[in-house]
Every structure is written in C-alpha cells, then in structure tokens.
Asks: 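One structure, as structure tokens, below. Some questions next.
Numbered from 1 within each chain, the chains take letters A, B, ... in sequence-line order.
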There are 2 protein chains.
Amino acid sequence: MTTRRSYNQYCGLASALNVLGERWTLLIIRELLMGPRRYSELLSDLPGLGTNLLSERLKFLVENEVVRQTDVQGTGFRLSYELTETGLRLRPAVLSLARWGMEFVDEVAETDVVRAHWGFLAVEAMIDTARVGAVGESYEFRVEGEIFHIDVADGKARAVKGPASNPAMVAVTDATTFVRIGSGRLTPLAAMVTGKLSLEGGIDAVLRCCELLGLEAGPAQTAAAGVAHRV
Amino acid sequence: MTTRRSYNQYCGLASALNVLGERWTLLIIRELLMGPRRYSELLSDLPGLGTNLLSERLKFLVENEVVRQTDVQGTGFRLSYELTETGLRLRPAVLSLARWGMEFVDEVAETDVVRAHWGFLAVEAMIDTARVGAVGESYEFRVEGEIFHIDVADGKARAVKGPASNPAMVAVTDATTFVRIGSGRLTPLAAMVTGKLSLEGGIDAVLRCCELLGLEAGPAQTAAAGVAHRV
DNA sequence: CTGCATCCGCCTCGATACTG
DNA sequence: CAGTATCGAGGCGGATGCAG
C-alpha cells in the first residue's frame, strides 16, 4: 500500500522526487510553508485537487516525516497539518522554483485561481539577496486582507507575516495585480495609474523596494517615484 | 495535442510545475545541466524512462524554450539536446532539491542505478557557500573515469568539469561510495579504511574540503586527517 | 544504428458519492 | 469537518515498428 513508484536512482534529486515528485505534492508543501493548515483549508485553496488525493498525499508526507499532524488534545481530533524540520528545509528549493516559474506565468485566464497569501511566497521568492541595501527599513504589503512585510536589516532581507512596525513603504493591491507585477507583465507605475495599486511612503524607499524585488518601477523609474510620493 | 494538464493557479510555483512537474522531466533537466546529451544517451542514463515519454518530454520542453535541439554538425543527422538560457536558470532550484533529497537517499538497493557523472551535481549541491574559506585552492574528484573539481577563490567555490591544474586534494572513488558519503551514510574515514576511497593531499586541505562539503571526515576529524596524509 | 511513433495493459488521477 | 470508497478517463511504462 505504501509501496510507491520509485525512480530507482542512487541520487539526491531522484530521492527528493520520489517524495515530492507526484502531482500536487509541492503545492501542498507551498501551502504549509505559510503555516499550519487544516484539511479543509487545503482542499479549498487547491481547487482541482480531489479529496482522495489530498488524503493520500498527506498520509505519504507524514510517513516520510515531511509533514506532521498536530492534535489539540488527545481527543483524536486532528486539527492541522504542519511541516516538520525536514519539510521546512524545503523553503529555499520551493522559493527557487517559484522564482524560476515567474516568467512562465501567463496572463491571467478565466479558469485561473488566485489566493492572496500566495503573494507572501512570491515576495519571498523575488527578494534579490545580492541587492539588499545598507539601510534598515521595512516595506509592508496588504493583499486582499493578507498583511506581510519585508524587513531589511544588517544587510539581510526577510519576509515576515503581519504588519510592519514602522514601514518605509506600504503597498495595497489585489492578489491578481500582485502576481502580474511580480511576473513582469505589469509595472508598478502602470498598476498605480489604473488604480490597482496604491503606494505610500517616500520616493527613495519605494525605489529601494523595487530594486530589492528586481522590479522596474515603470517606464521611467523617476516617473514612478514622482507618482509614488503623491499618493 | 499540446494542451496539457494545468494547475490553473496564478502563481510562480504552479507555473513552474506546469512545465517541470510531470514524471521524469526534472531528471532530464538534471542530465542536461551537465552538458548537451543525445537522445540515446538520455535513454541509457535514465533506465525506466520509456522512449515515447522521453520524446514527448523533450518536445514539450523545446516548445517551452527550456531545451533546444542542436545539430552536432550541419548534417542534421546527429541531434543533441541542450538547455536554453531559461533552462540553465534552473540550476539553483535543482541543486537545492538535490541537496534536500540527500537525506532521503537510502542504502543502495539491488535495483538502484548509479551514474558517475551524478557525482558532479552532488558535489555542486553539497557546497556550503557559508563555509567557503579564505584560501584559494582546488579539490579534484575522480569518480569512475569522470573527473571534476571544486575551485575555491575570492571567497567563492564552484564546481568545474575536468581536472584541476594544481589540486590541493585528489579523491578517487566509485560512484556508489561517492553518493553514500554525500548522503552521510558513510564517512570519508570509513570509506578509506575499506579501500573504497583514496585521498591524496595535505591534511589541512582534506579537512577544509570536508568542511566545505558539510562532511564529517570521520568519527574523529583528526583521526581522518591522520589517515589522509599517509595515503 | 539512432531517433522517434504507435500500440496496449496498468496504474494514477480527478470527480462524485458516501461515512463517522 | 475529515476523511474513505468507487469508477471512468487518461498518463505512464514496456514492447514493438519504422524511417533516415
């Protein structure tokens, strides 16, 4: 029953894919990278995934100690699923894949699903560690109710859930616009002009944030900054 | 015909998996990360992969501009497949997955396949960029005829095919032993005792190389070094 | 011989229905 | 809410065919 198909290769990548390679598995991991989830939450955030497959995937991941289930009490109520230490170590690999896939994100289709909390992972994936500036500041993002921010300090940048204490920039937008900007199909400037994005904060902070995320602010960087400080 | 199954999610990871997520695809990418390959070479290095699937995967990857076909000569007879710029950008993601999967590498089974050139990718994945020392030197590896080395210079380490010009250490072993060491199931010291691994070079260089690859040389680091300088 | 295409049995996937 | 049971459609894997 637990015997699954294997690549039968004595190699790290093949072993990783023996665990993660089947359909939906890495998307389940993505969800759990943003915190523990209940069974029904996973089902509703991953449309197209059948309940039998979710059940089977979770069971398999638990067996392989990538995911664990946490009970509230000993009552047998299985409350939620969360990543183990091993599972959490997948973060760089998942972010790296997500970053690569950004350029394959097509224009949004009728049937496409978007979730606001995916923006968190998108931002984390977009952070260009080579372009972290010397300044220490935070940029806050509010995507359809989901709030998170980037903290830049000590030459490192990290994505954190929740609001920033004293953000140098605040961006408010919807999930679709967020992904379109991230995929390069829309510039922040263009999004602001159409009212899909609002930015608060200083010109310099906005430009540094765009730089950090590898975004061109718009047709002319200075033009974008000019708009930004008026909003 | 070319319409394939899609996750229908407006997200970088889902888009990446729409291209790479099907069975065998990432293993084909792994092969091509180590240079252009002919169709028949891919078939023989990926046992279990049917010829129809290989054909289909390659066609799909070419359509998505991850892989391109090149004629060896102008004859059009002998084709080889190689990664495009987009495909080459998968290197960090593949290495990251390979690194994660190392701990899932079980003891080698009867049915398991090993290829010497996989050692190259394994070494590249194991390099711990946080532990690159200040010294500039090279470590050479000879795995069943495949020769490659790590160059450490300017605080960076990179894996290179071919022999090193003036290696501070030379390791000779077989592919299975190589992977067993990489997965932590065997220490370099233990491998040397059983004659599966031979090391040449100074004590310090060997220890620095182990440090760089995140390996414990053996039960006692100094003991391993003691053996190393006698070989 | 290389580089595929075709055919076929089987297993996985995905949707729906059902149970505690 | 959290799964299990069932079943048709399609992807997978092996064998075979075939053209350059």
Side-chain angles (χ1 to χ4, degrees), chain A residues 1-9 14 17-28 31-32 36-63 67-82 111 113, chain B residues 1-9 14 17-28 31-32 36-63 67-82 111 113:
Chain A
M1 193 60 184
T2 319
T3 51
R4 313 194 49 94
R5 207 155 39 167
S6 162
Y7 286 112
N8 293 318
Q9 294 185 0
L17 293 177
N18 281 336
V19 178
L20 308 172
E22 286 168 298
R23 203 163 160 74
W24 293 106
T25 302
L26 273 172
L27 294 179
I28 295 170
E31 296 299 312
L32 297 180
R37 291 294 154 97
R38 315 228 347 220
Y39 189 91
S40 54
E41 292 178 300
L42 290 171
L43 265 187
S44 69
D45 279 341
L46 296 170
L49 170 59
T51 172
N52 57 341
L53 269 209
L54 177 58
S55 170
E56 190 183 320
R57 295 290 183 266
L58 286 173
K59 197 184 305 177
F60 182 69
L61 289 172
V62 168
E63 279 174 14
V67 169
R68 79 168 74 90
Q69 35 193 348
T70 55
D71 308 313
V72 158
Q73 307 281 1
T75 57
F77 275 138
R78 288 169 181 173
L79 191 70
S80 62
Y81 292 90
E82 64 182 9
T111 54
V113 173
Chain B
M1 193 61 185
T2 319
T3 51
R4 312 193 50 95
R5 204 154 42 164
S6 162
Y7 285 113
N8 294 318
Q9 294 185 0
L17 293 177
N18 281 336
V19 178
L20 309 171
E22 287 169 296
R23 202 162 160 73
W24 292 106
T25 302
L26 273 172
L27 294 180
I28 295 170
E31 296 298 313
L32 297 180
R37 290 294 154 96
R38 309 257 310 261
Y39 187 90
S40 54
E41 291 179 299
L42 290 171
L43 264 189
S44 69
D45 279 341
L46 297 170
L49 170 58
T51 171
N52 56 342
L53 268 208
L54 177 57
S55 170
E56 190 183 321
R57 295 290 183 267
L58 287 173
K59 195 185 304 176
F60 182 68
L61 290 173
V62 167
E63 279 174 13
V67 169
R68 79 167 76 88
Q69 285 183 318
T70 57
D71 302 333
V72 169
Q73 304 288 351
T75 61
F77 265 163
R78 309 204 144 191
L79 299 169
S80 69
Y81 293 88
E82 64 182 12
T111 54
V113 173

Asks: Looking only at heavy atoms, what is the nearest atom pair of B/Glu82 and B/Pro36, with distance?
Replies: OE1-CG, 3.6 Å
Asks: Which angle, to the nearest 10 degrees, lies between the helix axes at the two ends of the helix from C/dC1-D/dG20 to C/dG20-D/dC1, each defined by five pairs?
Replies: 30°
Asks: Would one find a side-chain N or O of A/Ser55 under 4.0 angstrom from OP1 or OP2 of D/dG3?
Replies: no
Asks: Kindly say if A/Arg38 contacts the phosphate of D/dA2, meaning a side-chain N or O under 4.0 Å from OP1 or OP2.
Replies: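 Yes, A/Arg38 has a side-chain N/O under 4.0 Å of OP1/OP2 on D/dA2.
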Asks: Can you list the residues that meet the side-chain hydrogen bond (donor to acceptor under 3.5 Å, both in side chains) rule with A/Tyr39, with sequence neighbours excluded?
Replies: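 Counting only residues at least two positions away or on another chain, A/Tyr39 forms a side-chain hydrogen bond (donor to acceptor under 3.5 Å, both in side chains) with A/Thr51.
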Asks: Between A/Leu43 and A/Leu49, which heavy-atom pair has the shortest distance, and what is it?
Replies: CD2-O, 3.5 Å
Asks: Taking atom CG of A/Leu42 and atom OH of A/Tyr81, what is their separation to the nearest 0.5 Å?
Replies: 8.5 Å
Asks: Which heavy atom of B/Arg5 sits nearest a heavy atom of A/Arg23, and at what distance?
Replies: CG-NH2, 3.2 Å
Asks: Return no unless some side-chain N or O of B/Lys59 is found under 4.0 Å from OP1 or OP2 of C/dA5.
Replies: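 True: B/Lys59 side-chain N/O within range (under 4.0 Å) of C/dA5 OP1/OP2.
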Asks: Looking at B/Thr25 and B/Leu20, what are the two nearest heavy atoms and their distance?
Replies: CB-O, 3.5 Å
Asks: How would you summarise protein contacts on nucleotides 13-20 of chain C per nucleotide, using B for base, S for sugar-phosphate only and - for none, with heavy-atom distances below 4.0 Å?
Replies: SBBBB---
Asks: CD/A/Glu31 to CD/A/Glu41 distance, rounded to the nearest 0.5 angstrom?
Replies: 9.5 Å
Asks: Whole-Å distance between C/dG3 P and B/Gln69 CD?
Replies: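 It works out to 10 Å between those atoms.
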Asks: With a 4.0 Å limit, can you tell me whether A/Tyr81 has a side-chain N or O closer than that to the phosphate oxygens OP1/OP2 of D/dG3?
Replies: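 Checking A/Tyr81 against D/dG3: at least one side-chain N or O falls below 4.0 Å of OP1 or OP2.
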Asks: Shortest non-hydrogen contact from A/Tyr7 to A/Asn18?
Replies: N-OD1, 3.0 Å
